[in-house]
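Heads up: the structure comes next, in structure tokens.
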Amino acid sequence: EESYEWLKENRSKITIFSAGSSLGSLLSNGIKPDFAVMLEMSHLVYESLIDYSKDKNTYKGITLVSPLTIDPRVSGLFESQVIFHRPLSSTMAFFPNEINSALIQAGPQVANAAFEVIAEIGFKNILLLGVEFSGPSKTETRVKNALGMSERNFQLPMMGRNRKTVFTSPDLSVSSQCLQSAIDYYKKNIYSPAHGLALENVNIIDLASYAPTNTEMITADDIIAPFNDRQVYSAEELIEKLSQIEKKSVDYKSALIDLIKDHNEWCLSLSRSLSQYLNVGYSNEDSNDVFIKRMTRFPLFFIIQTLRDQKL
């Protein structure tokens with residue numbers, strides 16, 4: 001929250017990306033970001049944006065940056081949209097020619113995806129504000145006016161960027177580790193106040209005295225460049241592709257049923273044979289096969305768990 005005044009003072013010198021729920025708190029403090037990165041597939045994202053919206057101009061001038069899997073109603077709230085892919089999503093398999101639009105991780109949290117988008121565009125200097133994955137105490141609450149209602153349960157003590165103990169949760173700890181991997185991968189100049197979980201290769205700054213350097217202002221047209229490999233299907237092509245997937249799905253189901261029927265008990269052979277149905281699919285496989293695997297692997301996993309605990 002202490003960053004709002006700094007952002008206002010330096011607004012003309014920087015490009016601002018909001019990540020998820022932070023859009024609400026920024027707008028409530030009179031700061032309109034250039035880009036709003038969203039990640040969640042849930043309808044609650046759309047409902048939160050509608051609840052916050054004061055009129056049709058609330059999100060005017062903001063470009064939405066999101067995966068193709070976001071609630072399709074969300075894009076209609078913004079003037080323009082840039083789409084990226086989650087690298088292991090089923091939609092990535094449906095549009096295999098759009099591989100250059102895939103982020104390296106695209107999560108787990110929207111802050112992770114936002115960082116990767118910024119890095120992919122080519123920014124050299126990135127300032128992290130509010131990307132903390134923790135709180136100074138177990139009772140830390142969300143920032144005022146953040147979109148949505150979910151609260152965090154911080155019970156895990158860890159080292160903070162200020163070299164003092166902060167509190168986090170297991171899922172946010174994993175998110176911080178993923179951010180560290182992205183920082184190490186992209187090798188940008190990263191800056192941050194001394195708040196949040198400890199990160200390596202990050203320059204800790206005093207925000208009040210920090211001045212932006214090598215200003216990199218961009219527009220929506222600039223951000224589209226790394227994510228512009230759009231694969232557009234005609235109506236005929238779409239029908240044909242869906243027909244192929246439908247046929248392969250039937251064959252896939254039949255092969256799985258036959259495999260289970262060939263075994264009268266749970267054994268190592270069956271376990272190894274079933275593992276091929278649970279992977280995410282690989283680049284050397286047919287894209288339709290990969291699509292089916294990614295669509296079915298989670299429900300199939302729980303079905304197989306049940307099989308293991310019962311006699312076949």
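For the ring-ring contact (aromatic ring centres under 6.0 Å, His included) test, residues two or more places apart in sequence or in another chain that qualify with Tyr252 are Tyr277. Val131 is linked by a side chain to side chain contact (heavy atoms under 4.5 Å, CB included) to Ala111, Leu128, Phe133, Leu179, counting only residues two or more places apart in sequence or in another chain.
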Set out, in order, the CA-CA distance, both residues' side-chain angles and the distance that settles salt bridge (Lys or Arg N to Asp or Glu O under 4.0 Å) for Lys247 and Asp251, then state yes or no. CA-CA 6 Å; Lys247 182 180 183 305; Asp251 296 340; 3.2 Å; yes
Would you check, one step at a time, whether the test side chain to side chain donor-acceptor pair (under 3.5 Å) holds for Asn189 with Asn203? CA-CA 8 Å; Asn189 300 319; Asn203 301 291; 5.5 Å; no
Worked check of side chain to side chain contact (heavy atoms under 4.5 Å, CB included) between Ile245 and Ser249: CA-CA 6 Å; Ile245 291 174; Ser249 298; 4.0 Å; yes
Steps toward side chain to side chain contact (heavy atoms under 4.5 Å, CB included) verdict (Asp286, Lys248): CA-CA 11 Å; Asp286 178 81; Lys248 280 182 174 287; 3.5 Å; yes
Between Glu237 and Ile239, does the side chain to side chain contact (heavy atoms under 4.5 Å, CB included) criterion hold? Intermediate values first, please. CA-CA 5 Å; Glu237 290 172 331; Ile239 291 172; over 6 Å; no
Decide yes or no on side chain to side chain donor-acceptor pair (under 3.5 Å) for Gln155 and Ser169, but give the supporting numbers first. CA-CA 6 Å; Gln155 298 295 323; Ser169 59; over 6 Å; no
Taking it one step at a time, do Val74 and Leu64 satisfy side chain to side chain contact (heavy atoms under 4.5 Å, CB included)? CA-CA 9 Å; Val74 172; Leu64 172 67; 3.8 Å; yes
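Considering all non-hydrogen atoms of both residues, Pro193 and Leu127 come closest at CD-CD1, 4.5 Å. For the residue pair Lys187 and Asp184, the shortest heavy atom distance occurs at NZ-O, 3.2 Å. When all heavy atoms of Gly160 and Val166 are compared, the closest pair comes out as CA-CG2, 3.9 Å. Leu27 approaches Pro33 most closely through the heavy-atom pair CD2-CD, 4.1 Å. Contact between Asn29 and Lys8 at its shortest, heavy atoms only, is O-CE, 2.7 Å. Counting all heavy atoms, side chain and backbone alike, Ala93 lies closest to Ser287 at O-CB, 3.5 Å.
Under a 3.5 Å cut-off, the side chain of Arg86 and the backbone N or O of Leu39 do form a donor-acceptor pair. Not a single donor-acceptor pair under 3.5 Å links the side chain of Arg161 to the backbone N or O of Ala198. Here the side chain of Lys188 pairs a donor or acceptor atom with the backbone of Phe123 at under 3.5 angstrom. Trp6 places a side-chain N or O within donor-acceptor distance of the main-chain N or O of Tyr210, the cut-off being under 3.5 Å. Between the side chain of Gln180 and the main chain of Glu200, a donor-acceptor pair closer than 3.5 Å is present. When atom types are taken as modelled, the side chain of Thr296 and the backbone of Ile292 share a donor-acceptor pair closer than 3.5 angstrom. Counting only distance, with no hydrogens or angles, the side chain of Asn112 and the backbone of Gln109 share a donor-acceptor pair below 3.5 Å. With hydrogens and angles ignored, the 3.5 Å screen pairs no side-chain donor or acceptor of Arg272 with any backbone N or O of Ser275. When atom types are taken as modelled, the side chain of Ser254 and the backbone of Val250 share a donor-acceptor pair closer than 3.5 angstrom. Within the 3.5 Å criterion, the main-chain N or O of Leu49 finds no donor-acceptor partner in the side chain of Ser53.
Looking only at atom types and distance, the side chain of Asn288 has a donor-acceptor partner in the side chain of Lys241 under 3.5 Å away. With 3.5 Å as the limit, one finds a donor-acceptor pair spanning the side chains of Tyr186 and Glu120. No hydrogens or angles considered: nothing links the side chains of Arg294 and Ser89 as a donor-acceptor pair under 3.5 Å. Of the N and O atoms on the side chains of Ser173 and Thr168, not one donor lies less than 3.5 Å from an acceptor on the other residue. Side-chain contact annotation: Gln105 with Glu116, donor-acceptor N/O pair under 3.5 Å present. At a cut-off of 3.5 Å, with distance as the only test, no side-chain donor of Ser48 or Asp51 sits close to an acceptor on the other residue.
Once rounded to the nearest 0.5 Å, the distance linking OG of Ser21 with OH of Tyr52 reads 12.0 Å. Rounding to the nearest 0.5 Å places CZ of Arg297 at 11.0 Å from CD1 of Ile304. With rounding to the nearest 0.5 angstrom, the CD1 atom of Ile31 is 11.0 Å from the OG atom of Ser18. Rounding to the nearest 0.5 Å places CG of Asp171 at 11.5 Å from OG of Ser176. Considering NZ of Lys138 and CZ of Phe154, their distance stands at 12.5 Å, rounded to 0.5 Å. Rounded to the nearest 0.5 angstrom, Leu7 CG and Leu26 CG are separated by 6.5 Å.
Taking 4.5 Å as the limit, some side-chain heavy atom of Leu300 sits within range of a side-chain heavy atom of Leu256. Between Pro108 and Cys178, some side-chain heavy-atom pair lies under the 4.5 Å cut-off. Between Asp34 and Thr63, every side-chain heavy-atom pair lies at or beyond the 4.5 Å cut-off. A 4.5 Å side-chain heavy-atom check between Arg11 and Lys32 finds every atom pair outside the cut-off. Using a 4.5 Å cut-off on side-chain heavy atoms (C-beta onward), Leu129 and Leu207 make contact. Looking only at side-chain heavy atoms (C-beta outward), Ser269 and His263 come within less than 4.5 Å of each other. Counting heavy atoms from C-beta on, the side chains of Leu156 and Met158 come closer than 4.5 Å. Residues Val202 and Tyr191 are not in side-chain contact: their nearest non-hydrogen atoms beyond the backbone lie 4.5 Å or more apart.
Linking Ile, Leu, Val, Met, Phe, Trp and Tyr residues whenever their side-chain heavy atoms come within less than 4.5 Å places Tyr185 and Ile190 in a single cluster. Residues Leu278 and Phe302 share a hydrophobic cluster, clusters being chains of Ile/Leu/Val/Met/Phe/Trp/Tyr side chains in contact below 4.5 Å. The cluster map of Ile, Leu, Val, Met, Phe, Trp and Tyr, joined by side-chain heavy atoms under 4.5 Å apart, puts Leu242 and Met295 in the same cluster. Criterion: ILVMFWY side-chain heavy atoms under 4.5 Å apart, direct or through other members. Under it, Leu199 and Ile118 are part of a common hydrophobic cluster. Ile104 and Val82 fall within a single hydrophobic cluster, where Ile, Leu, Val, Met, Phe, Trp and Tyr side chains are chained together by heavy-atom contacts under 4.5 Å.
Counting heavy atoms of neighbouring residues, nucleotides and ligands inside a 6.0 Å radius, atom CD of Glu246 does not exceed 12 of them. By the 6.0 Å contact criterion, NZ on Lys253 is open, its count of non-hydrogen atoms from other residues, nucleotides or ligands being 12 or less.
Screening residues 73-105 for ring-ring contact (aromatic ring centres under 6.0 Å, His included), with sequence neighbours left out, gives Tyr59-Phe78, Phe94-Tyr233, Phe94-Phe291, Phe95-Tyr233.
When Thr15, Ile16, Leu23, Ile62 are each tested for a side chain to side chain contact (heavy atoms under 4.5 Å, CB included) with Phe35, only one passes: Thr15.
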